[in-house]
> 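Here it is, the structure in full.
Keep in mind that the numbers below use all heavy atoms, side chains included, and drop hydrogens, waters and symmetry copies.
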Amino acid sequence: TLFTKKKISKVYVSYNESYSFEINGVRIPMQHLSTPTSPGIVLGAPVLPKSGIYETPTMFLGWSRKTFVECKMTEPLPINILGISVEVTV
């Protein structure tokens, strides 16, 4: 319920044609934004935007009645967040 203390354990971010971004202040580097058919950074090749779902490692944000996930881009590059899903521990 709204007044029960909870914590966010994991965050899943679905992104499309995006570059590196941050989740709760933790930068997600481009090499993590890759899939088996589209590898991360290759030396000498241009850096292209990626699409997929990123799963954060276990997060230790603490317990609170109100929990937030902040997803932001610090550079003026394209970002398309299609959805955010969270794993909550109550």
> What pairs with S85 under side chain to side chain contact (heavy atoms under 4.5 Å, CB included), at least two apart in sequence or on another chain?
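For S85 the side chain to side chain contact (heavy atoms under 4.5 Å, CB included) partners, ignoring immediate neighbours, are Y12.
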> With sequence neighbours excluded, what pairs up with E17 under the salt bridge (charged side-chain N to carboxylate O under 4.0 Å, His left out) test?
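Partners of E17 by the salt bridge (charged side-chain N to carboxylate O under 4.0 Å, His left out) criterion come out as none, since no residue qualifies.
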> Indicate yes or no: at least one non-hydrogen side-chain atom of I53 is less than 4.5 angstrom from one of V13.
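No, their side chains stay 4.5 Å or more apart.
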> Under 4.5 Å between any side-chain heavy atoms of V26 and T56, yes or no?
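No, their side chains stay 4.5 Å or more apart.
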> Indicate if W63 and I8 have the same hydrophobic cluster label, given that clusters are the connected sets of ILVMFWY residues with side-chain heavy-atom separations under 4.5 angstrom.
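No, no single cluster joins them.
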> With sequence neighbours excluded, tell me which residues meet salt bridge (charged side-chain N to carboxylate O under 4.0 Å, His left out) with E75.
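Partners of E75 under the salt bridge (charged side-chain N to carboxylate O under 4.0 Å, His left out) test: R27.
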> With side chains defined as the heavy atoms from C-beta onward, is the minimum distance between V88 and S9 less than 4.5 Å?
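They are not in contact (no side-chain heavy atoms under 4.5 Å apart), so the answer is no.
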> Write down the atom of V90, the atom of T4, and the distance for their closest heavy-atom approach.
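Closest pair (atom of V90, atom of T4, distance): CG1-CG2, 3.4 Å.
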> Which residues satisfy the side chain to side chain contact (heavy atoms under 4.5 Å, CB included) test with I79, sequence neighbours excluded?
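I79 satisfies side chain to side chain contact (heavy atoms under 4.5 Å, CB included) with S18, F21, M73, I81 once adjacent residues are dropped.
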> Quick one: does N16's side chain have a donor or acceptor within less than 3.5 Å of a partner on S51's backbone?
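Here the side-chain-to-backbone pair does not exist.
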> Restricting to side chain to side chain donor-acceptor pair (under 3.5 Å), what partner residues turn up for K10, sequence neighbours left out?
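E55.
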> Under the side chain to side chain donor-acceptor pair (under 3.5 Å) test, which residues partner N80, sequence neighbours left out?
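Residues passing side chain to side chain donor-acceptor pair (under 3.5 Å) with N80: none at all.
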> For a quick test of reading the model, state the closest non-hydrogen atom pair linking E22 to T74 and the distance between them.
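Residues E22 and T74, closest heavy atoms: OE2-CG2, 3.4 Å.
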> Do Y54 and V11 come within less than 4.5 Å of each other through their side chains, counting heavy atoms only?
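Result no, sub-4.5 Å side-chain heavy-atom pair not found.
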